[in-house]
Number of protein chains: 4
Amino acid sequence: MSAASTSPRASEHRRRAARLPATRFDKRLGEILAHATDVFCKKGYEGASMRDLSRTSGMSLAGLYYYFQSKERLLFLIQKHTFTTIVEQLKTRLEGVGSAEQRIRIFILNHLEYFLSNQAAMKVLSHEDDALKNGFASEVKAIKREYYRICVSLLDELKRERGLQFSTRIAVLSLFGMMNWIYTWHHPRVDADADELARQMSDIFLCGVMNAARGRHRE
Amino acid sequence: MSAASTSPRASEHRRRAARLPATRFDKRLGEILAHATDVFCKKGYEGASMRDLSRTSGMSLAGLYYYFQSKERLLFLIQKHTFTTIVEQLKTRLEGVGSAEQRIRIFILNHLEYFLSNQAAMKVLSHEDDALKNGFASEVKAIKREYYRICVSLLDELKRERGLQFSTRIAVLSLFGMMNWIYTWHHPRVDADADELARQMSDIFLCGVMNAARGRHRE
Amino acid sequence: MSAASTSPRASEHRRRAARLPATRFDKRLGEILAHATDVFCKKGYEGASMRDLSRTSGMSLAGLYYYFQSKERLLFLIQKHTFTTIVEQLKTRLEGVGSAEQRIRIFILNHLEYFLSNQAAMKVLSHEDDALKNGFASEVKAIKREYYRICVSLLDELKRERGLQFSTRIAVLSLFGMMNWIYTWHHPRVDADADELARQMSDIFLCGVMNAARGRHRE
Amino acid sequence: MSAASTSPRASEHRRRAARLPATRFDKRLGEILAHATDVFCKKGYEGASMRDLSRTSGMSLAGLYYYFQSKERLLFLIQKHTFTTIVEQLKTRLEGVGSAEQRIRIFILNHLEYFLSNQAAMKVLSHEDDALKNGFASEVKAIKREYYRICVSLLDELKRERGLQFSTRIAVLSLFGMMNWIYTWHHPRVDADADELARQMSDIFLCGVMNAARGRHRE
DNA sequence: AATGAATGAGGGTTCATTCAT
DNA sequence: CATGAATGAACCCTCATTCAT
């Protein structure tokens, strides 16, 4: 873990509280994180002010700085936690699943389920993709890269299994586009839920790459 | 056209200059617009300051306000012009084209060509989707709606022509996701050009919806 | 009291400090208010800049905004405090005084004494009469109306006691004119003090309305 | 006339056009002056912007500067013209009038008539009393001083005629206060007209100074 | 563990004014 | 005679951040 992720104060704290699964510090931190996620979602990272966060979370402006050393670190923690969780969940779900197609369907389902259950967090992840700088940026990018790599490897499996030929990069990034774009349009009351959405997107995407790859689409 | 789009000064100007294709005012305005697009692209709308624009465009801070009455109106003009252009180009290209599939391929090609030729403008359009408020927002939304409607009608044609059944809404929005997401990853030096990209995305998308819709994907 | 007069922060502060006569916040606030009064007096509300106030009060520009949420609210607090004080002082002094004439003399004396002791504040009150808007304006107007009403009732008493007939409105407003105008000419070193001024203005005004009202002035 | 009042351009212009009673320049100037008076009245000198004047008068911003060399000179011209007119009118009316009392009544009537016929101008005169600086200020002050002197001499006449004793300065400034204050309260639809107002104020003031001066008011 | 008080830097916008045309 | 274009200075206000307590 890079230097960016651990402040002296926080680490000291964690050391002293290592015995408990969740210290009061971590609990309070989590609450504020949740509020901040909502605010960043609604106003954007640049558009949200620390005063907004203070108001929403009910903690004083100065109080926030005890938990987060800077606004940027706050965004970093949100993005890192969100991304880490989604990757971990994915890995668990993929264990022991056999066919490449099935594994890709799980990938998509996992992404969309998490997306719709944590819309705010995922919007902050997608929309504030390049808001972080230097150390913070690189750490998030590392996780993102890992996630991307997993998807690439799933598609490569599929190509090997079925003897297909297409640009993995374009396919993967198209898939991410389909999935990540939903924060711009999905309304829980109106639109399909994660299962249904995952099924339909999986169908489109899988049929797409599998047929297109055999040479152009034919009747 | 709503009141938001025409200031007294601009309209007066345009009236007097109706015969000429571009007055000096409009030319200067266009130049600043171009610079502003780049800056908004790099820093985001909220993150970019009018002082940044002043520096980049080489015009004094106060001078900018002679052309744009506010920062918000500046973003509005960029978005409106970009969107209007892409819609007009699309309409021209669609004229006289017969098959639904071909028309969808043109839609995608048109979108990606414009996207890659005007990456900055298109990122500003995609990424600053809800930065505008009230009158400005509604006018841009109207154009967006029209563009969306065109795509919906193309897909409905396809469904009719081929007797397919799938959710047009999800298909259209997935397509937009695939296409709009490219601002997050496309590097001109590394990635395929618009033609190639359009071909591949069209293949994936069309094969996807056409095969998936016949009932699940089958071998 | 309208919403305009109490910010969340100020009210919270006052609640906690209800037992003490003046918190440090209130003290600091009072100091700044005093400086601001001087500056508004010298340069006028519009003509004075927050930078002027910052310079005069020795506090940073941003620091001022911790105490006053806006320049307008600053003026509002000055006007409200000044007006409230003068009305309260008047009420105390009027208690138990019998004859209408005596009561009017007290009214005039009270006004002029306060005026000359707080010249700057009273000029700001008189001269910036319509600088406030909406909620701020209406709250000050309410106090002003009360003050005006008191004067009207005193004159009505006089008319009843002595069986006089004249336009109370014109008389009252003439009296206010005489009194308030002094901010344009009174020089402490040169001109009479409040007692003497009050005596002379009272004589002129009272003799004026009492004789004039009996039918035109006669020898 | 001081240097402040004549710019090279204006004087040259007037020289060339000396034969006509009103040049086109002067006519146009007068129109703008009238509009500016209204704007200064509504928004105050500091609060009114040259853009406001441009909008109201229908002339371009730059065009205004052809007629007025600066915003301050604009206020100066308004104040000077207003004050000069009122003094000239007064002198004409006073000619041949005998008794001091009558002359004072004429003074008051003249002031109030002009005030109510030119409310905006008179408010600008009264309210923006110390907005001008240096040369501009001193020239207006000179006229003001003359006007004040006339009033003083009228009151001194009265004192001599009737053997009264009171402070002329306080009496005169009280009278000005009564009269000038009306811009803060007079509504043409509701309140008495100039004649009636002049009668009542004259009664109050004259009865006041004449009776008060004989020693305190007595029954 | 948490806050009130304070700040330097910078935000978007408007100001009175000029000058080539 | 009048304007469109342009500007430096200043406007009010908010920003992320700090530090004594």
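The analysis underlying the following values was restricted to heavy atoms, covering all of them including side chains, and did not include hydrogens, waters or symmetry mates. So that the names make sense, note that chain A is the first sequence line, chain B the second, and so on, each numbered from 1.
- Across the protein-nucleic acid pair, B/Leu53 atom CG and E/dG10 atom P stand 16 Å apart, rounded to whole Å.
- An OP1 or OP2 oxygen of E/dG10 is reached within less than 4.0 angstrom by no side-chain nitrogen or oxygen of B/Ser49.
- Across the protein-nucleic acid pair, C/Leu61 atom CG and E/dG8 atom C1' stand 10 Å apart, rounded to whole Å.
- Taking 4.5 Å as the limit, every side-chain heavy atom of B/Thr82 sits out of range of all side-chain heavy atoms of B/Thr37.
- Looking at heavy-atom distances under 4.0 Å, B/Arg28 makes contact with sugar-phosphate atoms alone, never a base.
- Distances were taken from every side-chain heavy atom of A/Tyr65 (C-beta onward) to each of F/dT17, F/dG4, E/dA2; the shortest belongs to F/dT17.
- Note that D/Lys123 lies outside the cation-pi zone of D/Phe40, set by a 6.0 Å cut-off to the ring centre and a 45° limit from the axis.
- Distances shorter than 4.0 Å separate some side-chain N or O of A/Tyr67 from OP1 or OP2 on E/dA2.
- At F/dA2, none of the side-chain N or O atoms of D/Tyr66 fall inside 4.0 Å of OP1 or OP2 (strictly under the cut-off).
- Nucleotide E/dT7 holds its C1' atom 16 Å from the CE atom of A/Met50, rounded to whole Å.
- Taking the side chain as every heavy atom from C-beta outward, C/Tyr45 and C/Lys71 approach each other to under 4.5 Å.
- In this structure, B/Arg55 places its CZ atom 12 Å from C1' of E/dG11, rounding to the nearest Å.
- Using a 30° and 60° split on the angle between ring planes, B/His127 and A/His127 fall in the parallel class, below 30°.
- Taking only side-chain nitrogens and oxygens, D/Ser60 never comes nearer than 4.0 Å to OP1 or OP2 of F/dA2.
- Between F/dC13, E/dG11, E/dT18, one nucleotide has an atom nearer to the side chain of C/Ser70 than all others, and that is F/dC13.
- In this structure, D/Glu72 places its CD atom 18 Å from P of E/dC15, rounding to the nearest Å.
- In this structure, CD of D/Glu46 is placed 18 Å from P of E/dT14, rounded to the nearest angstrom.
- Between the side chain of B/Arg51 and the base of E/dG12, at least one donor-acceptor pair of N or O atoms lies under 3.5 Å.
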Going through the distances and angles, do A/Leu77 and A/Leu33 end up as a side-chain contact (heavy atoms from CB on, under 4.5 Å)?
CA-CA 8 Å; A/Leu77 287 177; A/Leu33 256 165; 4.2 Å; yes

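- The side chain of B/Lys71 has E/dG12 as its nearest neighbour among E/dT17, E/dG12, F/dT17.
- Whole-Å rounding puts the A/Arg73 CZ to F/dT17 C1' distance at 16 Å.
- Between D/Leu64 atom CG and F/dG4 atom P there is a gap of 12 Å when expressed in whole angstrom units.
- Nearest to the side-chain atoms of D/Ala62 among the listed nucleotides F/dT7, F/dT14, F/dT3 stands F/dT3.
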